[in-house]
**Q** 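I have a structure here, written as structure tokens, and I will follow up with some questions on it.
Small disclaimer: the values here were computed from a predicted structure and weren't measured. Both backbone and side-chain heavy atoms feed into the values below; hydrogens, waters and symmetry mates do not.
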Amino acid sequence: MVPIIIFGLSALITLGAALAVVTNKNILHSAFYLVLAFAGVASLYVLLEAPFIAVVQVLIYIGAIAILIVFAIMLTRRIGSDDLIQRNAQWIWAAMGAAGLFLVLGWIVYSVNWPVVTQIVPEDTITILGQELLSTYVIPFEVASVLLLAALVGSIIIGRERE
Amino acid sequence: MADLINLIENWIKNLLLGWGASAGLTGFILQALGSVLVVMVCFAIVIVLIWVERKLAGRLQDRFGPNRAGPYGIFQSFADMIKIFTKEYVTPAGAEKGLYNIAPVLAMASVLAIWAVFPFAVNVIGADIHVGVLYIVAVGAFGILAILMAGWSSNNKYALLGASRSVAMLISYEIPMVIALLVPVLLSHSMKLSVIVEAQEPWFIFVAPLAALIFSISSMAEIGKAPFDLLEAESELVAGYHTEYSGMKFGMFYVAEFLHQFTVGALITIFFLGGWTGPMAVRWPILGVIYFYGKSLFIYLVISWIRLSLPRIRIDEMLDLNWRFLIPVSFVNLVAVAIADRVMMEFTLARWIYVLVMFGMNMFILWAALAIAEKNDQAVEREEFPPRPVAVPPGVDSK
């Protein structure tokens with residue numbers, strides 16, 4: 001009973017915050033609502049007994065991405081005012097794209113026969129995760145790190161002072 | 001007597017169960033009581049710490065410090081507390097009310113949340129989660145967010161400047177901090193704080209002194225006090241991100257800062273000074289709690305001593321120290337420790353040889369890094385400015 005109440009609350013907070021992100025006229029408020037939405041998703045991961053994913057969600061999405069967004073907004077002039085224009089000429093296409101994506105996702109969620117594991121989640125998932133990442137899935141893991149390294153080098157080249 | 005905390009816990013548990021409460025409710029009440037207790041102890045410690053800090057600062061600066069309220073001024077903090085509770089809240093014009101009020105709460109919460117996972121003694125452990133180390137790092141992000149919120153919502157240029165400095169500093173110093181934290185994780189093969197504490201035979205400060213040093217420096221930067229107090233530099237930014245705060249809202253930032261310093265002391269204790277371990281700590285868990293708080297207090301005083309002795313560093317020096325020294329050194333250290341640990345695992349060595357090799361290797365890396373840094377530093381060309389004329393009375397040709 002208690003997990004269902006907590007699930008309901010965090011789902012409500014996540015969805016409400018996500019709605020506030022798109023409807024709010026002040027872009028900085030949107031950014032802070034985004035933080036709330038990320039935190040709600042993290043609490044859902046905790047409920048799913050995936051502590052590692054939950055902590056990483058907080059660490060990366062709130063600790064890095066959200067702070068970067070807020071900082072970028074703070075450094076941009078006249079963007080933090082309340083009279084932000086929220087749509088442009090292409091909003092109809094964007095709405096259609098979003099609706100299409102929603103339909104596809106909804107169809108997938110309903111049609112796929114999701115595997116259900118009946119056994120209890122092992123308490124120490126992180127050791128297994130680490131071993132799997134460095135043995136079975138070592139190539140995707142390394143490819144991801146090379147990709148991030150390339151992005152890092154690219155950002156340095158873009159941000160470098162021209163001589 | 002030996003196991004006072006669990007004794008009380010069992011007493012309350014039996015009492016509640018005797019009253020007919022269900023096991024789930026009893027567990028919930030006990031956990032709630034435990035977290036309230038941890039938080040209250042934190043606040044009680046901060047009240048004392050503020051007095052200790054001010055007295056220490058006074059002595060180090062050749063003055064008396066607080067000496068009016070009570071013997072040796074020990075009631076000074078209580079007087080300050082009453083004063084700050086009765087002060088008016090002033091909200092600046094044009095401030096974002098919501099964010100302005102949430103920011104101090106978030107700053108306080110982000111520090112207190114770290115205490116949730118601490119092991120206080122052999123059998124007095126908070127939430128002993130498997131991702132304890134990551135949790136500590138993740139929760140710290142809310143502190144940065146609180147500073148950003150405070151700086152932006154105050155509608156004050158100084159506050160905004162302080163907040164934007166905080167990003168440059170806090171986020172970049174998180175990198176060496178996390179890399180240094182990986183070393184105790186690597187040595188103890190776990191991210192669970194209780195396992196890290198129990199794995200310290202001897203303390204990790206002897207096995208990985210360089211990681212301890214890097215962690216101490218970068219977490220001192222995370223506290224945001226001198227010598228890294230660029231985000232609230234009094235002489236430049238009034239008070240930085242909390243310029244516009246008054247009354248208890250300012251008080252929460254202030255207490256959060258003090259508590260953060262004590263928390264860093266506790267973190268260094270857990271990761272490098274053996275946490276609650278000490279003579280007789282396993283047989284007498286109450287001693288473990290005393291050791292834990294004692295070691296944390298010692299580190300707290302050392303940090304205070306350092307920050308009272310050093311002037312504020314410039315922003316470019318601050319970034320140089322981080323990006324050109326701490327981050328490369330911490331990466332080299334991590335790789336070296338990982339390789340050495342794995343290689344020595346192959347040979348069954350006596351523990352003291354292992355520790356000696358590790359200690360020597362750390363010292364060598366530190367020496368090499370310092371030598372390289374010194375060599376590079378000489379190559380940096382300092383920009384020479386022509387001497388500027390001193391103040392000239394008006395009307396006189398300044399040539």
**Q** Considering only heavy atoms, give the residues of residues 126-155 of chain A separated from chain B by less than 4.5 Å, sorted numerically, with 'none' for an empty result.
**A** A/Ile126

**Q** Is it the case that more than 12 heavy atoms not belonging to B/Met345 sit under 6.0 Å from its CE atom?
**A** yes

**Q** Chain B contacts: which residues in residues 52-66 of chain A have a non-hydrogen atom closer than 4.5 Å to it?
**A**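 Interface residues of residues 52-66 of chain A: A/Phe52, A/Val55, A/Val56, A/Val58, A/Leu59, A/Ile62, A/Gly63.
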
**Q** B/Val131, B/Ile102, B/Val137: which one forms the most heavy-atom pairs within less than 4.5 Å of chain A?
**A** B/Val131

**Q** Which members of residues 31-51 of chain A, sorted by number, sit under 4.5 angstrom from chain B on a heavy-atom basis?
**A** A/Phe32, A/Val35, A/Pro51

**Q** Within a 6.0 Å radius of atom CZ on A/Phe71, are there more than 12 heavy atoms belonging to other residues, nucleotides or ligands?
**A**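 Result for CZ/A/Phe71: enclosed.
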
**Q** Using heavy atoms and a sub-4.5 Å threshold, report which of residues 139-150 of chain B line up against chain A, by residue number.
**A**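 Residues B/Ala141, B/Phe142, B/Ile144, B/Leu145, B/Leu148, B/Met149 are the ones that qualify, each having a heavy atom under 4.5 Å from chain A.
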
**Q** So which of B/Ser153, B/Ser164, B/Ser190 has the largest heavy-atom pair count under 4.5 angstrom toward chain A?
**A** B/Ser164

**Q** Between B/Leu99 and chain A, which part of the residue has a heavy atom less than 4.5 Å away: side chain, backbone, both or neither?
**A**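 Looking at B/Leu99, just its side chain touches chain A.
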
**Q** Tell me, for B/Leu134 versus chain A, whether the close heavy atoms (under 4.5 Å) come from the side chain, the backbone, both or neither.
**A** both

